[in-house]
Structure formats: C-alpha cells, structure tokens
Amino acid sequence: MSPLLAAFLLLVSMGLTSASTVPLRPGFYAETCPEADFIVKDVMRRNMIREPRSAASVMRFQFHDCFVNGCDASVLLDDTPNMLGEKLALSNIDSLRSYEVIDEVKEELEKVCPRTVSCADIIIMASRAAVVLSGGPDWDVNLGRVDSLTASQEDSNNIMPSPRANASLLMDLFERFNLSVKDMVALSGSHSIGQARCFSIMFRLYNQSGSGRPDPAIETKYREKLDKLCPLGGDENVTGDLDATPATFDNRYFKDLVAGRGFLNSDQTLYTFPETRKYVTLFSKNQQAFFRAFVEGMIKMGDLQSGRPGEIRSNCRMANSRPVRVLMESQVRD
C-alpha cells in the first residue's frame, strides 16, 4: 500500500479529509467497504417498492447537490443556529423529498463500514441505482468524495433554475459547469421518471409570459388534461406525471416533448429552441443514444468538485459534532 493511500485511509477513519486529496475513481471502496454498492441498491429497491416516486426523488439529489459548490452532500445538511442550509432554498423547499432514503442507506453502511462511505458518494450511487432499477442504463461511478462542512441557502438560490426557466437559461447554467448543450438535454431526460407539482405549471396553463393565455406549445388535448388536473384556484400541491411512463426510465420523455406534451416549461422549451431541438429529436428516435449521452452527462456532473476540505459524516444531516481539523493535500503526499 502506498504511503499516500495509507494516509488517506487514516484520514477516512478519522472522518476527515480534503476534497482534492485523491482523484475520484471507480472501485474506491473495493477494499474498505466492498458491500457498499450492494447495500445502496438493496435499500433503493426496498424503498421503490414502498414508494415508487422515491426513485425520481433520489435521482434529483445529484442535480441539486452537484450544481451547488460541487458534489459534497451539502444539500442534505439541516439548518443550524449558525447556518441556513439548502433544504429550504427556493428550488428545494416543498420539492426535494426522500431524504429518509439516504438516511437509511447511511445507517446500513455505518453498521458494516463505520465512517467510511461519504454521504456525497451515497447520493451518486443511489442516483445510479434509481436509474438502473427503473429500467435505465448502468455505469461505473467515480467515487472518493468527501462531505461538505457547511451548506449555503444563498448559493442554492443563486444557482438552481426555477420551473419557469427556458432552454436558453439552462444552456447558460450548464455551460458554467463545462457541460455541453447535448449534456444538458440528455440530463433533462432524468424527467423520464417522476412527477411535479401543479404549482410549477400554473403560469403555463393560465398566464404564459404574462399573456393571460396558456402556453401555445402545449398540445390541445394534453392541455385539457392538465386543466383538469390543475384548475385555476385548485390545490397546487397536486402532482402530475412528467411523462407518459413515469415509473420507467426510457426515451418516452423526449417523444412527449416532440408531441407538445412536456409537463414543465423548462422541458418543453427544449423542443421549441433550435439549439436543443436536434438532440430532443435524436433521443426521441434512438433510446440507446439517449442512454449513452445520459451516462456521459451524469459522470461529468458527478465529477464536479469544489476543492474545499471536508469530512466523512456519520450522519448525513449534520456535520460531525466534534471540532474539525482540516488537512489539505500537501499534508498527505508521499
């Protein structure tokens, strides 16, 4: 065993390390926690049986975590007297759910491999499991992340898009993270599974762009269906399917966009904008092309790191209670 790896494993056992200590790689826990992947998939499978929506909910954690200061599980931290976390950020409040699934995974892993697998890596592995167990592609995930010591509601509010965002805004956002237009369209295909609230589309149905009229891009019969599901003055917490096969990860989402049946404004504009339409059309006709592009995008997004020091939390909802000693890369080099 190399001195660098030995030093890193020592830091892991202490629950402390730096985000830049060791490069992310597949098989990171092959020696320290070989059962990790099985445990994650098993917990996901049980939860999807109990609550099918948990697959989409868990997969969303990767997006909402990685775009805000890198993939560091900051999205999971509860507020403290000295910190406003990300759970109540505009894009997360009354939207992100299934935190308890990540908690259950962590509890199971702590029984077998105490203070070894980071919550940040759990999000990445659980997101992949959600896709695979829903019928989507499988891939090798890069692992070795550490957990953030803090979270920022302000950063989340400043970064994450709203349901009213259009393709142009999404392209700008993804470009900030060196993700291409193709990556953005493919990753939007995560909406192949799951549901969203009526709250997110009321403006589309009744006042698109302040016109007092519905979005003309919505196909007529689909709009009538949405009008019944989300009537003006009704319960905006009612949920609707994001595509016609909400429990199966497939390319139906893109076929629905071509047909004018996208639920969210940010989804439908992928077909109405010329820069993104070609990829929507491609993925609607070729599911394997979508799967390949989705996997590539998930890997690239999962590699986003802040470089900040971190730790291995024993509880994903809170930083370790004892004082944290920060160790940087230079302290563990050969």
Side-chain angles (χ1 to χ4, degrees), residues 24 26 37 40-41 44 48 52-67 70-71 98 120-143 145 160-161 165 167 170-171 173-196 241-258 261-264 266-271 273 275-304:
L24 303 179
D37 190 51
V40 172
K41 288 181 178 177
M44 281 300 304
M48 287 171 63
R53 285 183 64 193
S54 63
S57 300
V58 168
M59 183 171 54
R60 289 184 65 204
F61 282 131
Q62 179 166 338
F63 292 80
H64 288 245
D65 185 41
C66 293
F67 275 178
C71 310
S98 296
D121 278 344
I122 290 173
I123 288 177
I124 299 297
M125 289 190 285
S127 295
R128 177 188 58 177
V131 173
V132 173
L133 294 172
S134 298
D138 198 355
W139 66 96
D140 291 331
V141 290
N142 293 325
L143 301 171
R145 296 164 189 81
M160 296 304 296
L170 292 176
M171 284 188 288
L173 171 64
F174 277 65
E175 186 179 13
R176 290 171 57 185
F177 300 103
N178 294 318
L179 292 166
S180 68
V181 174
K182 184 179 181 181
D183 293 330
M184 185 270 284
V185 176
L187 290 171
S188 295
S190 63
H191 289 171
S192 170
I193 56 175
Q195 298 179 319
D241 297 334
L242 288 172
D243 79 352
T245 56
T248 303
F249 193 95
D250 55 18
N251 69 335
R252 182 70 206 196
Y253 164 82
F254 295 104
K255 294 179 179 180
D256 286 349
L257 297 186
V258 172
R261 295 173 186 155
F263 190 82
L264 299 174
S266 55
D267 290 336
Q268 191 58 56
T269 61
L270 297 178
Y271 189 66
F273 273 60
E275 298 93 330
T276 51
R277 179 185 296 207
K278 62 181 179 180
Y279 295 117
V280 172
T281 302
L282 170 64
F283 297 152
S284 72
K285 296 177 179 178
N286 189 330
Q287 180 165 280
Q288 289 307 310
F290 162 48
F291 282 2
R292 288 191 296 270
F294 181 81
V295 167
E296 182 178 347
M298 288 292 276
I299 292 172
K300 289 167 70 174
M301 179 173 59
D303 286 347
L304 294 175

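It should be emphasised that the depicted structure is a prediction, and the values quoted were computed from it without experimental measurement. Sequential numbering from 1 along the given sequence is applied to the chain's residues.
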Test your reading of the model: is there a side-chain donor-acceptor pair from [X] to the backbone of [Y], 3.5 Å cut-off?
X: Asn251; Y: Phe283; result: yes
X: Glu275; Y: Val181; result: no
X: Ser190; Y: Ala56; result: no
X: Asp256; Y: Ala244; result: yes
X: Thr276; Y: Phe273; result: yes

ask   = Is the distance between the ring centroids of Phe249 and Phe290 under 6.0 Å?
value =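 Ring centroids of Phe249 and Phe290 are less than 6.0 Å from each other.
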Which pair of heavy atoms, one from [X] and one from [Y], lies closest together, and at what distance?
X: Gln268; Y: Arg261; value: OE1-N, 3.5 Å
X: Leu242; Y: Ala196; value: CD2-CB, 3.8 Å
X: Ala129; Y: Lys41; value: CB-CG, 4.0 Å
X: Ser98; Y: Val58; value: CB-CG2, 4.1 Å
X: Leu304; Y: Cys66; value: CD1-O, 3.9 Å
X: Pro161; Y: Leu173; value: CD-CD2, 3.6 Å

Quick one: pull up [atom1] in [X] and [atom2] in [Y] and give me the separation to the nearest 0.5 Å.
X: Thr281; Y: Phe254; atom1: OG1; atom2: CZ; result: 10.5 Å
X: Tyr279; Y: Ser180; atom1: OH; atom2: OG; result: 6.5 Å
X: Arg53; Y: Asp241; atom1: CZ; atom2: CG; result: 9.5 Å
X: Ile122; Y: Met44; atom1: CD1; atom2: CE; result: 12.0 Å
X: Leu270; Y: Leu257; atom1: CG; atom2: CG; result: 6.0 Å
X: Ile123; Y: His64; atom1: CD1; atom2: NE2; result: 11.5 Å

So do [Y] and [X] actually touch side chain to side chain, heavy atoms under 4.5 Å?
X: Arg145; Y: Leu24; answer: yes
X: Ser188; Y: Tyr253; answer: yes
X: Lys300; Y: Glu296; answer: yes
X: Phe177; Y: Asp183; answer: no
X: Gln287; Y: Asp250; answer: yes

Q) Please, which pairs that meet side-chain hydrogen bond (donor to acceptor under 3.5 Å, both in side chains) have at least one residue in residues 128-139, sequence neighbours excluded? A)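 Residue pairs passing side-chain hydrogen bond (donor to acceptor under 3.5 Å, both in side chains), neighbours aside: Asp37-Arg128.
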So for atom CD, which belongs to Glu175, do other residues, nucleotides or ligands contribute more than 12 heavy atoms lying within a distance under 6.0 Å?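 No - once you tally the heavy atoms of other residues, nucleotides and ligands closer than 6.0 Å, there are 12 at most.
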Practice problem: May I ask you to check whether over 12 heavy atoms, not counting those of Asn286, lie within 6.0 Å of atom CG? | Solution: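 Enclosed: over 12 neighbouring heavy atoms sit under 6.0 Å from CG of Asn286.
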